[in-house]
Amino acid sequence: ADNSEKAIEKLKEAESISTMEMPAIRATIQNGIGNYYLQNQDFDTSEAYFKKAISLLKSTELDHSAIESVSLQGLGNVFLLKNKEETSLQYFKKALKIPVIGNATKIEVLGNLSRIYKKMDSIALSQKYYNEKVALNTAMLNSEREVRSVIISHIDAEQQNTLLSDKTD
């Protein structure tokens, strides 16, 4: 078995042992399985897993979470690949309405919305979502740059202190 087959076996095993007392973990696993089937072009199975995750999250009052935004993104991708743009748009827009959507998910959703609207000749909407994607991407890169700068300055300071203490010893 290749690595992806081993991965799906492990994911299904994890799903079977994750109990209903761990709905966030179980839904995350179901999203992983949904993404596996999406990558393997098995759209119906993929859709079923994303919908299982959403159903579980709703039943345990964990809807409107970052996990649900990943499920909705997955469903958007399923319908995009099935050439059902209108349905895809609905799922991507629902994902954007989740208050705690992760940046990586949001960037992908904005990019997909931009591409769909471009395909539908809605250039203004395509540009709107593209600009939002670029702005978020830039903000993330700047934030990462700032974090790296702080880390590097701490390393430099530590090295200077080490050099000074070596000289005084």
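If you're wondering where the values come from, they're calculated on a predicted model, not measured in any experiment.
- Residue Lys82 places its NZ atom among more than 12 non-hydrogen atoms of other residues, nucleotides or ligands, all under 6.0 Å distant.
- Cluster partners of Leu75, using a side-chain heavy-atom cutoff of under 4.5 Å among ILVMFWY residues and allowing indirect links, are Leu38, Phe43, Phe50, Ile54, Leu72, Val78, Phe79, Leu81, Tyr91, Ile98, Val100.
- Cluster membership for Val134 and Leu110, using ILVMFWY side-chain heavy atoms within less than 4.5 angstrom, is not shared.
- Taken together through direct or relayed side-chain contacts under 4.5 Å among Ile, Leu, Val, Met, Phe, Trp and Tyr, Leu113 and Leu125 form part of one hydrophobic cluster.
- By the 4.5 Å side-chain criterion applied to Ile, Leu, Val, Met, Phe, Trp and Tyr, Leu163 is assigned to no cluster and stands alone.
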* Assess whether side-chain contact (heavy atoms from CB on, under 4.5 Å) is satisfied between Asn40 and Glu5, documenting all intermediate values. => CA-CA 11 Å; Asn40 287 286; Glu5 286 176 20; over 6 Å; no
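- For the side-chain hydrogen bond (donor to acceptor under 3.5 Å, both in side chains) condition, no pair includes a residue of residues 97-107, sequence neighbours left out.
- Between the CG atom in Asp42 and the CD atom in Glu47 there is a gap of 10.5 Å [rounded to 0.5 Å].
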* To do: Go through Tyr49 and Glu15 one step at a time and tell me if the side-chain contact (heavy atoms from CB on, under 4.5 Å) criterion holds.
  => CA-CA 11 Å; Tyr49 272 98; Glu15 182 193 23; 3.6 Å; yes
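- In plain terms, the two heavy atoms of Ser88 and Gly76 that are nearest each other are OG-O, 2.8 Å.
- Between the side chains of Gln39 and Asn35, no donor-acceptor pair of N or O atoms lies under 3.5 Å.
- Pairing each heavy atom of Pro23 with each of Thr60, the nearest pair is CB-OG1, 3.6 Å.
- Considering every non-hydrogen atom in both Ser69 and Ala66, the closest pair reads OG-O, 2.6 Å.
- The distance from atom CD of Glu85 to atom CE of Met120, rounded to the nearest 0.5 Å, is 6.5 Å.
- At least one donor-acceptor pair closer than 3.5 Å links the side chain of Asn31 to the backbone N or O of Ile67.
- A donor-acceptor distance shorter than 3.5 angstrom exists from the side chain of Thr162 to the backbone of Glu158, with no hydrogens or angles considered.
- A donor-acceptor pair under 3.5 Å is formed between the side chain of Ser149 and the backbone N or O of Arg145.
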* Asked: How far apart are the C-alpha atoms of Gln160 and Asp156, what are their side-chain angles, what is the distance that settles it, and do they pass the side chain to side chain donor-acceptor pair (under 3.5 Å) test?
  -> CA-CA 6 Å; Gln160 290 298 321; Asp156 284 346; over 6 Å; no
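- Residue Ser126 holds its OG atom at 5.5 Å from CD1 of Ile123, rounded to the nearest 0.5 Å.
- A continuous path of Ile, Leu, Val, Met, Phe, Trp and Tyr side chains, each step under 4.5 Å between heavy atoms, connects Ile29 with Tyr37, placing both in one hydrophobic cluster.
- Panel note: side chain Asn137, backbone Lys133; no donor-acceptor pair is recorded below 3.5 Å.
- Thr28 places a side-chain N or O within donor-acceptor distance of the main-chain N or O of Ala24, the cut-off being under 3.5 Å.
- Both Val109 and Tyr117 are members of a single hydrophobic cluster when ILVMFWY side chains are connected at heavy-atom separations under 4.5 Å.
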* Derivation and outcome, side-chain contact (heavy atoms from CB on, under 4.5 Å), residues Arg115 and Leu80 -> CA-CA 10 Å; Arg115 278 189 292 284; Leu80 184 58; 5.8 Å; no
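- To the nearest 0.5 Å, atoms CG (Asn112) and CD1 (Ile107) are separated by 12.0 Å.
- In terms of heavy-atom proximity, Ala95 sits nearest to Gln73 at CB-N, 4.2 Å.
- With Ser55 contributing its side chain and Lys52 its backbone, the two residues share no donor-acceptor pair below 3.5 Å.
- Side-chain contact between Glu144 and Arg148: present, with at least one pair of heavy atoms (C-beta onward) separated by less than 4.5 Å.
- The distance from the CD1 atom of Ile116 to the CD atom of Glu86 is 9.0 Å, given to the nearest 0.5 Å.
- One N or O on the side chain of Ser65 and one on the backbone of Leu62 form a donor-acceptor pair closer than 3.5 Å.
- Once rounded to the nearest 0.5 Å, the distance linking OG of Ser46 with CD of Gln41 reads 10.0 Å.
- Taken together through direct or relayed side-chain contacts under 4.5 Å among Ile, Leu, Val, Met, Phe, Trp and Tyr, Ile101 and Leu57 form parts of separate hydrophobic clusters.
- Nearest approach of Gln30 to Ala53, heavy atoms of both residues: OE1-CA, 3.2 Å.
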